[in-house]
Colleague: 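Next up is a structure, given as C-alpha cells.
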Amino acid sequence: MNDRCADGRPVLFLDVDGPLIPFGGPNERGPEGQLDRLPDGLPGRLPGRPASPGSPTFPAFPASPASGNPLLGRLDPTVGRRLLALGCDLVWASTWLDDANEVVAPRIGLPVLPVVRWPDASTSMSTSTVAEEGPRGLHWKTPHIVEWAGSRPFIWVDDEIGDMDRFWVDAQHPGPSLLHRVDPGRGLGDDDFVALAGWLGAAVPRA
C-alpha cells in the first residue's frame, strides 16, 4: 500500500524492530549466537545499501520476515489501540515494508496502513551516492520521511534516531515535528505514550 494520507492530521511514522519488537537484551543475540536483528543503518537491513568504511559485515536480512519468527511473540497486542488513540495517521516506516501490514498489524490490532517506500533495494548504490543524501550521522530514512510528510506535522518513532536527524529535520521540514527515540531493549511503553500525547497536545492543538 502506497497511498498518502489526504487530510491535515499529523502523521506518525512507525518503525517495527525496536519500538514494536523489543530486543530485550544488551547483546541482541539469540540462543545460537545469531543476531536477532540488524540495525536499520547497517547492511542486510536494506539490501544493496553499502556499509560505511570499516563497518562489520552482517548476513543479509530476510526480504520477507517469516510469520513464524519467534520474535513476533514480543509484540504487545494492546499497542495498536494505544497508537490509534493518539489521533494521528499511522504510517509504516520500516524495512518490513508490506510485511508490516501482513504480519505485524493483525497481531497488535492495527488496520492496513500506508507504507513509506524506500529507494529500490535492487538498485546498485555507491558509497558516494549514499553520502550525498545528507551529512555524516544522518539516518538514511530521514530525508525520505521528511519528503513523505510534506508540510504536515509528524512524529517519527524509531530506535535509531540521533541528534543529526533532529537538526536536519528542524532545518528541512516546515511544520512541527517530533523525532522520538524508543529504547530498543523495552519497546514502546507508558513513558513513550505520555511523551507522544504531550507533544501532540502542545504542538498540534485539536480544533
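All residue numbers in this chain count up from 1 along the given sequence.
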Colleague: Locate the shortest heavy-atom distance separating Glu160 from Asp158; write the atom from each residue and the value.
Modeller: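 In this case the closest contact between Glu160 and Asp158 is N-OD1, 3.0 Å.
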
Colleague: I'd like to know if Asp98 pairs up with Arg117 as an ion pair, taking the criterion as any Lys NZ or Arg NE/NH1/NH2 lying under 4.0 Å from an Asp or Glu carboxylate oxygen.
Modeller: yes

Colleague: What verdict does the side chain to side chain contact (heavy atoms under 4.5 Å, CB included) test give for Leu110 and Leu84, after you've listed the backbone C-alpha separation in whole Å, the side-chain angles of each residue and the deciding distance to 0.1 Å?
Modeller: CA-CA 8 Å; Leu110 287 179; Leu84 291 169; 3.7 Å; yes

Colleague: State, with a plain yes or no, whether a side-chain heavy atom of Val91 is found less than 4.5 Å away from one of Val115.
Modeller: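 SC-SC contact between Val91 and Val115 ruled out.
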
Colleague: Show your reasoning for whether side chain to side chain contact (heavy atoms under 4.5 Å, CB included) applies to Asp183 and Asp159.
Modeller: CA-CA 6 Å; Asp183 179 354; Asp159 64 312; over 6 Å; no

Colleague: Within a strict 4.5 Å, meaning less than it, do heavy atoms of the Leu83 and Phe193 side chains meet?
Modeller: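 Contact flag for Leu83/Phe193 side chains = yes.
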
Colleague: Could you check whether any side-chain heavy atom of Pro10 comes within less than 4.5 Å of a side-chain heavy atom of Phe154, counting everything from C-beta outward?
Modeller: no

Colleague: How far does CD1 of Ile161 sit from CG of Leu178, to the nearest 0.5 angstrom?
Modeller: 8.0 Å

Colleague: Indicate yes or no: at least one non-hydrogen side-chain atom of Ile155 is less than 4.5 angstrom from one of Leu200.
Modeller: yes

Colleague: What heavy-atom pair brings Val182 and Pro19 nearest, and what distance separates the two atoms?
Modeller: CG1-CA, 3.9 Å

Colleague: Are side-chain heavy atoms of Leu179 and His139 found at a separation under 4.5 Å?
Modeller: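 Heavy-atom side-chain distance check fails, nothing below 4.5 Å.
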
Colleague: Any luck finding a side-chain donor-acceptor pair between Trp96 and Asp17 under 3.5 Å?
Modeller: yes

Colleague: Considering the options Thr142, Val169, Leu14, Leu12, which one meets the side-chain contact (heavy atoms from CB on, under 4.5 Å) requirement together with Trp156?
Modeller: Thr142

Colleague: So, Asn101 side chain and Leu113 main chain: donor-acceptor pair closer than 3.5 Å or not?
Modeller: yes

Colleague: Please answer whether the main-chain N or O of Pro22 pairs with a side-chain N or O of Arg74 as donor and acceptor at a distance below 3.5 Å.
Modeller: yes

Colleague: Quick one: list whatever passes side chain to side chain donor-acceptor pair (under 3.5 Å) with His173, sequence neighbours left out.
Modeller: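 Partners of His173 by the side chain to side chain donor-acceptor pair (under 3.5 Å) criterion come out as none, since no residue qualifies.
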
Colleague: Looking at every heavy atom in both Met164 and Pro135, which two are closest together, and how far apart are they?
Modeller: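 Looks like SD-CG, 3.7 Å.
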
Colleague: Might you point out which heavy atoms bring Lys141 and Ser94 nearest each other, and give the distance in Å?
Modeller: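 Closest pair (atom of Lys141, atom of Ser94, distance): NZ-CA, 4.1 Å.
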
Colleague: I'd like to check Asp89 versus Arg152 (side-chain heavy atoms, cut-off strictly below 4.5 Å). Are they in contact?
Modeller: yes

Colleague: Please list, chain by chain and in numerical order, all residues satisfying side chain to side chain donor-acceptor pair (under 3.5 Å) with Thr78, sequence neighbours excluded.
Modeller: Asp76

Colleague: Could you report the tightest heavy-atom contact between Val116 and Trp118, atom names first, then the distance?
Modeller: CG1-CZ3, 3.5 Å

Colleague: In terms of hydrophobic clustering (I, L, V, M, F, W, Y; side-chain heavy atoms under 4.5 Å; direct or indirect links), are Val146 and Phe167 co-clustered?
Modeller: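 The answer is no; the residues belong to distinct hydrophobic clusters.
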
Colleague: Atom CG of Leu138 and atom CD of Gln172: how far apart are they, to the nearest 0.5 Å?
Modeller: 9.0 Å

Colleague: Measure the shortest side-chain to side-chain distance between Asp192 and Arg186 over non-hydrogen atoms and say whether it is less than 4.5 angstrom.
Modeller: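 Yes, close enough: below the 4.5 Å cut-off.
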
Colleague: Any side-chain heavy-atom pair from Arg181 and Pro184 closer than 4.5 angstrom?
Modeller: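 Yes, side chains in contact.
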
Colleague: Please find the pair of heavy atoms, one from Phe13 and one from Ala93, that lie closest to each other, and give the distance.
Modeller: CB-CB, 3.8 Å

Colleague: Quick check for you: to the nearest 0.5 Å, what is the distance between Asp99 atom CG and Trp92 atom CH2?
Modeller: 11.0 Å

